[in-house]
Amino acid sequence: MNENLEQKKWDKAYVPKDVEDHWVSSWAESGIFNSYPNFKKESFSLVIPPPNVTGALHIGHALNNTIQDFLARAKRMSGKDVCWAPGTDHGGIATQTVMEKILKAENTSRGKLGREAFTNRMEEWTANCKKTILGQLKKLGCSLDFSREAFTLDERRKTAVFHAFKKLWDDDRLYRGERLVNWCIRCGTALSDIEVEHEERKGNLWHIRYQEVSGGAGLVVATTRPETMLGDTAVAVHPDDKRYQGLIGKKLRLPLMNREIPVIADAFVDSSFGTGAVKVTPAHDPNDFEMGLRHQLSRIKVISPVGKITEEGGVYAGISREEARKKIIQDLESQGFLEKTEPHPHAVGICYRCQEIIEPLLSQQWFVKTHDLAVGALKALEEGKFKIHPHSWEKPYWDWLSGMNDWCVSRQIWWGHEIPVWYCLKCNALSRDVSFHQVPNLKGVVSREKPATCPICGHAEFMQDPDVLDTWFSSALWPFSVFGWPEKNEDIERYYPTKILVTGYEIIYLWVARMQMMGLYLTGTVPFSEAFIHGIVRDKKGKKMSKSLGNVVDPIQMMEKYGTDALRFSLISQARPGKDIIFSEDSLIAGRNFTNKLWNTARFALMNAVNLEKLNSPTDSQLEAADVWILSEYQKALTSVRQEIDVYNFAGAADQMYEFLWDKFCDWYVELAKLRLQGADLEAKKTAFTVLITILIGVIKMLHPLMPFVTEEIYSVLKNWDAEPADYLINSRFPLAPEVKETEENQKGMTALIEAVASLRSLRSGLGISPGIRWQSVSVWSKQGSENERNFLKDYPQYLKTLAQCDRIEFLEAPLNFAAAITPHFNLYVPLQGHDFKQVSERLKKELARIESDINKLSQKLSDPNYISKAAPEDVSETRLLYEAARSKKARLEEFLKALS
RNA sequence: GCCCAGUUGGCGCAGUGGUAGCGCGUUCCCUUGACAUGGGAAAGGUCAUAGGUUCAAAUCCUAUACUGGGCACCA
């Protein structure tokens, strides 16, 4: 056994644990992932989608980062100046919500702690999460430049956020105003439109009669939210609705409240829905709000930010919106106003973080004017400066940007970037206990620190805006804030704009679109020219993974069970552009097996290593058929892998690598190389080993982006043989295709050999002959036109002997009257005495049936004059060849069957 | 409601006009020194349905069904 093997204690099976731990720390210590601007190379930079600091990484993160690492390593090995910047996101509402749950379990709350103590607690806790997450990224093998670690809420990023805010303010693209916002009662904050999800819920359509003040019958309105009637200020009907013509302009008496409200005509109303009459509550419904503006209706707020009925709600004041609904229906019924109740499933808005039903509420909030920013982003897409893979996401992206509303960026939470606006208490006549979100027209000063004096009145008492910015505001700056923007530094110059963003489709609008808008606005360029959108990882049944369903998969557990490389392989080989991944543990088995196969290939190479001073490439005359064949296959594999990577088809690249290593290199080449490696001819042994080790080293480099650990481990032993040894694989070069020209004769010979071997193996199995028993001899007769193939077998009889396990090969001048195995080029005869031919003959009859149906199809095709005249000539001649081959095979099969019977 | 994607052997997926492939699983044979996380053999699909274009369709077109997703929501 080779001494390398002994030193390394190469187990028969690859054991990932120790190997991975070793390389994780070795890579970290060596600093090989760090990037230093190198203007001589082409830059390739990307920024990590920063995970939220809410806990640990899930399998989706594993997918996202494996793809990025694959790219980063592959590009670095192709000579690019790669920078992959890491970091985490403070995560605003999401993170605060998690902390609030923790506090609740401790019997306290953020209210009890107060803002400062709460924020401190958050910082302490999120620091831990950050550590966990970064540790997990390292464990996953990510070649991130950890010296650049950033956090969306650290000092450098705070500077970026302030500058962005200031510029928006100076350019008059920010405003504070009263709007109907999406309010989450549980989170106690406003949300932007895209943070609201819609979900079908069971509900009712209640029909309520509103009588005329004059005593007339009035009309019946239909509503799904009866509790909002307390705030009704009108009833609307369609202007053309004949049923209600007489009522337009009349006054109705609002039941329970006794308020007089007008009947208005508005084209928004759909006459065919419900009763055709709509109650209008401008303070609690977006459409009603719009109607209220058109008809100058007053806005009566009847639901408070905590979800209770306000003082405006008369006798219902103080009770929750749910209770109010029950009570109001009871009262309407008992007072005879409720005409009908029908079941009516409808979509309700829910908070994307806590699933609580959204309440549209009026309040003072900060908005970014998005129209111009969106136009910029649309233009970039139109001009091809920004591309999305797969392309099919471009249309939804376009549509969303085209129709977006202003972006509500203020959040009534404590965890986030504080809004850098200060209000002079004197100028604004503010007191500190004011209900801030109801106060309009505040005059503010934008400043990072508390201003010394008020520029207007010179007063020195200020109150900072109590809100924080939407977490996506800082995320939108990420591709440049990571590099220190608004500083002008070398990193920005070199690595910005970034090349590609890899992310899932669930945040195309929340994040991708906003980065494009802000990037273009603030830096004048797209922040990344391409986005690669991958799918989400689902469970075995295709369900989204979620903690509440209990179907989440912990990537770390998977890594420990099967190895990190197996997980990476499994994820990548399923990452088809635009497709979700159905995850099951079975898929990791293939990855583990593949890792092991590679491991054992290397183990085999080491066991058969030849002591060589230097690894010279063998001369053409030293190479034999198998060498030329495998070098040529290797060349093809490298080319396809490169192509697949270039079009971001990572799964395709993984397929190609798998196929080459396993189905070509191991199954055929290694078996043939054994003849020389384990033979007596030292020169031949050297040649075979040279080819073997050259390709193996190339394969290891090719596979490194996919499976960094096992390849690095193997390389650490094999690199002595590498012509261009590197300290680590990431610093080596992605292999270049060897210059080998395989002759057509050689290619055909190998194909014929493989066919012959398969055919003999099939025969062996059909006869029930144990794989351990060798044939005494195989006699080969070649059909006409197969001289090349016959000569190939003659030149390399050892190939067929070793692969088909036979001791002697004879070449016949004429066919015998029975055959044993039939291939397109040969009849192969073996001694069949003492074997049960029945099974063989059954099998061959099946084969005959198959070939007859082939012949039918082919002859039908060839007898069609249209086909002959219209199809491509190469295709026709190809078909003719197939037809001839099939006929020949049929004839030979029939002969054999006749001899058997 | 509008839009997009998908529908291929038991499961997960390749395959964009010229005789249907892969992985996992299944059945049978085999522990001969790289690997049983292995080797060999085999079974298993009229490529959702109906039309159309074409000499030729899993592949292009149309419609339908189902699944998933995006957007917008009618109170």
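So you know, we letter chains A, B, ... as the sequences are listed, proteins then strands, and number each from 1. The basis for the numbers below is simple: all heavy atoms, side chains too, and nothing from hydrogens, waters or symmetry mates. Keep in mind that this is a model prediction, so the values were computed, not measured.
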For A:I695 and B:A34, give me the distance from atom CD1 to atom P, rounded to whole Å. 19 Å
Rounded interatomic separation in angstrom, taking NE2 from A:H198 and P from B:A75: 12 Å
In terms of the nearest nucleotide of RNA chain B, which residue is placed more toward the 5' end: A:Q574 or A:S392? A:S392
Between A:H534 and A:F532, what is the ring plane arrangement, given parallel below 30°, perpendicular above 60°, and tilted in between? tilted
Among the nucleotides B:G39, B:A41, B:A14, which one has an atom lying closest to any side-chain atom of A:A758? B:A41
Starting at CD of A:E659 and ending at C1' of B:G21, how long is that distance when rounded to a whole Å? 10 Å
In whole Å, what separates the C1' atom of B:G12 from that of B:U64? 27 Å
When both hydrogen-bonding distances must be under 3.5 Å and the geometry is Watson-Crick or G-U wobble, what is B:A43 paired with, if anything? none
B:C13 C1' sits how many Å from A:D580 CG, rounded? 13 Å
I'd like the P distance from B:A20 over to B:A48, given in whole Å. 15 Å
Where does the angle between the aromatic ring planes of A:Y648 and A:F650 fall among parallel (under 30°), tilted (30 to 60°) and perpendicular (over 60°)? tilted
What is the nucleic acid contact for A:D270, judged by heavy atoms within less than 4.0 Å: base, sugar-phosphate only, or nothing? base
Using the C1' atom in both, what is the distance from B:G6 to B:A42, to the nearest Å? 32 Å
A:Y658 ring center near A:W662 ring center (under 6.0 Å): yes
Nearest whole Å is fine: how far is B:U37 P from A:F604 CZ? 20 Å
Less than 4.5 Å apart, side chain to side chain, heavy atoms only: is that true for A:R299 and A:T233? no
When the C1' atoms of B:C11 and B:G44 are considered, how many whole Å apart are they? 13 Å
Taking OP1 and OP2 of B:A14, is either one under 4.0 Å from a side-chain nitrogen or oxygen of A:K579? yes
Would you classify A:A13 as touching base, sugar-phosphate or nothing, given that sugar-phosphate means primed atoms plus P, OP1 and OP2, and contacts are heavy atoms under 4.0 Å? base
Pick the P atom in B:G10 and in B:G1, then give their distance to the nearest Å. 33 Å
Can you check whether A:W400 has a side-chain N or O nearer than 4.0 Å to OP1 or OP2 of B:C3? no
B:A50 to B:C55 separation - C1' atoms, rounded to the nearest Å: 23 Å
Given the C1' atoms of B:C3 and B:U8, what is the spacing between them in whole Å? 26 Å
Atom pair distance, as rounded to whole Å: CZ in A:F665 and P in B:C35: 16 Å
Who does B:G21 pair with, Watson-Crick or G-U, both distances under 3.5 Å? B:C13
Under 4.0 Å between a Lys/Arg side-chain N and an Asp/Glu carboxylate O for A:E560 and A:K17? no
Base, sugar-phosphate or nothing for A:R774? Non-hydrogen atoms, less than 4.0 Å. nothing
Taking atom types as they are modelled, would you say the side chain of A:K395 forms a donor-acceptor pair with the base of B:C4 within the 3.5 Å cutoff? no
Taking A:E227 first and then A:R321, would you say they form a salt bridge - that is, a charged N and a carboxylate O separated by under 4.0 Å? no
Nearest-angstrom distance from the residue atom NZ of A:K870 to P of B:U53: 13 Å
C1' spacing across the pair B:G15 / B:C47, given as an integer number of angstrom: 10 Å
Side-chain heavy-atom pair A:T802, A:E671 within 4.5 angstrom cut-off: no
A:N593 has a side chain; which of B:A75, B:U37, B:G39 sits nearest to it? B:U37
Compare the minimum distances between each of B:G12, B:A34, B:G69 and the side chain of A:R603, then state the nucleotide with the smallest one. B:A34
Result for 5'-nearest mapping on RNA chain B, choosing between A:I194 and A:Q678, is A:Q678
Closest to the A:D655 side chain: B:G33, B:A14, B:G18? B:A14
